[in-house]
Number of protein chains: 2
Amino acid sequence: MTEKQEKILNAALELFAEEGFRNTSTSKVAKRAGVSEGLIFRHFENKDGLLEAIVREGEERAKHLFADIVLETDPKEVLRKTFNMGEKLNKSPETANFWKLQYKIKWELEDYMGHKLEPLERALESAFSKLNYPNPELEARFVLTTMDGFATRFYLDKGFDLESGMEFLRSKYGL
Amino acid sequence: MTEKQEKILNAALELFAEEGFRNTSTSKVAKRAGVSEGLIFRHFENKDGLLEAIVREGEERAKHLFADIVLETDPKEVLRKTFNMGEKLNKSPETANFWKLQYKIKWELEDYMGHKLEPLERALESAFSKLNYPNPELEARFVLTTMDGFATRFYLDKGFDLESGMEFLRSKYGL
DNA sequence: TACATTTGTAAGTGATTACTCACTTTTGTG
DNA sequence: CACAAAAGTGAGTAATCACTTACAAATGTA
């Protein structure tokens, strides 16, 4: 990816997260990226092409985020690491903005993008199975959906403390 | 509210839920409502005025939805009724669409709209307190955020079974 | 009936939209 | 160096946007 391509993508990322995809014009993106508007279409073909690139990067970063967890064999450690993901989503303003956008995009695309979470869901399933939970599959889905709820609220409600939510989850699962 | 006003509001509701607020033009709304475009502005002043009306109706309907719960004194019954709300959100296609839009709007307004849930949150808090949970406040927030997560997933993921999620919650809380 | 108010319409408005095109500049390669 | 391909520009384009305005129809009220 060339320098200008990255500038375009980062500008799009920021603006889409701030104002939404449909509400952000390609001319705004070009202006923030410091390039001509035409260049966006040369590199990404469409405005939709910009979104696709962002979605793809979301999948990449999600994989990277889960890599450590899915390789873990100790079930308690799987849970602990899962509940520590909250911090990772919030390391830098750029990171926070990136994941906020991923949540926001779901509603503009009307797509849950569940396949991104599948490896993590299976890791949790296996962990709960080892811990003899009666319904590992439901338990795993429950954990992920709950964490989704916490994250959603975190991004929309300024006053919400994500870490206390995660701490609560840890205590629920005896960690 | 006159007949045409309601037609406009219902058309807007449908279209905003389908395509999003920013992506729905006032001309589309007028066409679906079967009125002239100018009438929208006569009755609602702005395109934003349309949204405001929808948000207000969301608050009304939420109040109505919670009315039964906040008056309940038996804590177990409070929880049971809360976990039964899933069905209510899904009674008719119109209802489902309405609540889906309420969730979707949050992201376009970047507002969690938490005050809508406050009475319910306090009812849950009181219930958990009566049931001697160690941290009723956190527990109540946890339940609501989790249900939010379930609802979000329900609206975005066609294959997701909301009722099994609610059943899981019931079993978690011994109901 | 008379007449003022409200409700409704149709044809505009300038601004903005995603996208194209003709063109120049930069870069890679023999 | 020569020269083709890729990167980049900026001024266009038609379509669509939210909104206005001038006017007509319906309605309430005396």
Side-chain angles (χ1 to χ4, degrees), chain A residues 1-58 97-98 101-102 104-111, chain B residues 1-58 97-98 101-102 104-111:
Chain A
M1 193 131 65
T2 71
E3 180 210 333
K4 304 252 174 180
Q5 252 171 316
E6 272 185 5
K7 284 205 169 179
I8 291 171
L9 212 53
N10 286 334
L13 218 91
E14 287 174 26
L15 286 165
F16 292 173
E18 285 166 21
E19 323 261 6
F21 172 65
R22 319 268 189 185
N23 199 39
T24 301
S25 62
T26 48
S27 77
K28 266 194 205 165
V29 174
K31 194 170 282 181
R32 177 159 318 187
V35 302
S36 68
E37 198 179 348
L39 194 59
I40 294 176
F41 296 92
R42 174 155 314 258
H43 284 313
F44 297 95
E45 193 184 346
N46 272 344
K47 196 186 169 188
D48 283 335
L50 264 179
L51 241 202
E52 272 176 43
I54 288 171
V55 168
R56 264 200 304 276
E57 195 178 327
N97 218 43
F98 179 83
L101 177 55
Q102 296 295 129
K104 198 172 191 166
I105 281 177
K106 290 182 186 178
W107 285 100
E108 299 207 66
L109 300 180
E110 299 244 348
D111 180 8
Chain B
M1 193 133 63
T2 70
E3 180 210 333
K4 304 250 175 181
Q5 253 171 317
E6 271 183 7
K7 285 204 169 176
I8 291 171
L9 212 53
N10 286 334
L13 218 92
E14 287 173 27
L15 286 165
F16 292 173
E18 286 165 21
E19 324 260 6
F21 172 65
R22 317 266 189 188
N23 198 41
T24 301
S25 63
T26 48
S27 77
K28 268 194 204 165
V29 173
K31 194 170 281 178
R32 176 159 316 188
V35 302
S36 68
E37 197 179 350
L39 195 58
I40 294 177
F41 295 92
R42 165 129 307 159
H43 283 314
F44 297 94
E45 193 183 346
N46 273 343
K47 195 186 170 188
D48 283 334
L50 263 180
L51 240 202
E52 272 177 42
I54 288 172
V55 169
R56 265 199 304 274
E57 196 179 327
N97 218 43
F98 179 84
L101 177 55
Q102 296 294 129
K104 197 171 190 168
I105 281 176
K106 291 181 185 179
W107 285 101
E108 300 208 67
L109 300 180
E110 300 244 350
D111 181 6

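Computed from heavy atoms alone, side chains included, the values below leave out hydrogens, waters and symmetry copies. Letters A, B, ... are given to chains in the order of the sequence lines, protein chains preceding strands, and every chain is numbered from 1. It should be emphasised that the depicted structure is a prediction, and the values quoted were computed from it without experimental measurement.
Residue A:Lys4 contributes atom NZ, which lies 14 Å from atom P of C:dT25 at whole-angstrom precision. Rounded to whole Å, the distance from CG on A:Asp48 to P on C:dA18 is 10 Å. Taking atom CD1 of residue B:Ile8 and atom C1' of nucleotide C:dT9, one finds them 12 Å apart after rounding to whole Å. One interatomic measurement links the two molecules: CG of B:Leu39 to C1' of D:dA25, which rounds to 13 Å at whole-angstrom precision. We find that CZ of B:Phe16 is positioned 12 Å from C1' of D:dA18, with the value rounded to whole Å. Rounded to whole angstrom, the span from the CD atom of A:Gln5 across to the P atom of D:dA7 amounts to 7 Å. Spacing between atom NZ of B:Lys28 and atom C1' of D:dC19 amounts to 18 Å, rounded to whole angstrom units. For the pair B:Glu37 CD and D:dA18 C1', the interatomic distance rounds to 7 Å; values are reported in whole Å.
For B:Glu37 and B:Thr26, the side-chain atoms include at least one donor-acceptor pair closer than 3.5 Å.
Of all the heavy atoms in A:Thr24 and A:Glu19, the pair that sits closest is OG1-CB, 3.7 Å.
OP1 or OP2 of D:dC17 lies within a sub-4.0 Å distance of a side-chain N or O belonging to B:Ser27. For the pair A:His43 and D:dA6, the criterion of a side-chain N or O lying under 4.0 Å from OP1 or OP2 is not met. Regarding contacts with the backbone of D:dC17, a side-chain N or O of B:Ser25 is found under 4.0 angstrom from either OP1 or OP2. Look at B:Asn46 and you'll find a side-chain N or O under 4.0 angstrom from OP1 or OP2 of D:dC19.
Looking at the side chain of B:Ser36, the nearest of the listed nucleotides C:dA18, D:dA18, C:dG8 is C:dG8. For A:Phe41, whose side chain is taken as the heavy atoms from C-beta onward, the closest listed nucleotide among C:dT7, D:dC17, C:dC19 is C:dC19. Of the candidate nucleotides D:dC19, D:dT9, C:dG8, C:dG8 has the atom nearest to the side chain of B:Thr2.
With rounding to the nearest 0.5 Å, the separation of CD in B:Glu18 from CG in B:Asn23 is 11.5 Å.
Across the interface with DNA chain C, nearest-nucleotide mapping of A:Phe21 and A:Arg42 shows A:Phe21 to be the residue nearer the 5′ end.
At least one test fails for A:Lys104 against the ring of A:Phe21: distance under 6.0 Å to the centre or angle within 45° of the axis.
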### Task
Evaluate side chain to side chain contact (heavy atoms under 4.5 Å, CB included) for A:Glu108 paired with A:Leu51, printing each intermediate quantity in order.
CA-CA 10 Å; A:Glu108 299 207 66; A:Leu51 241 202; 5.8 Å; no
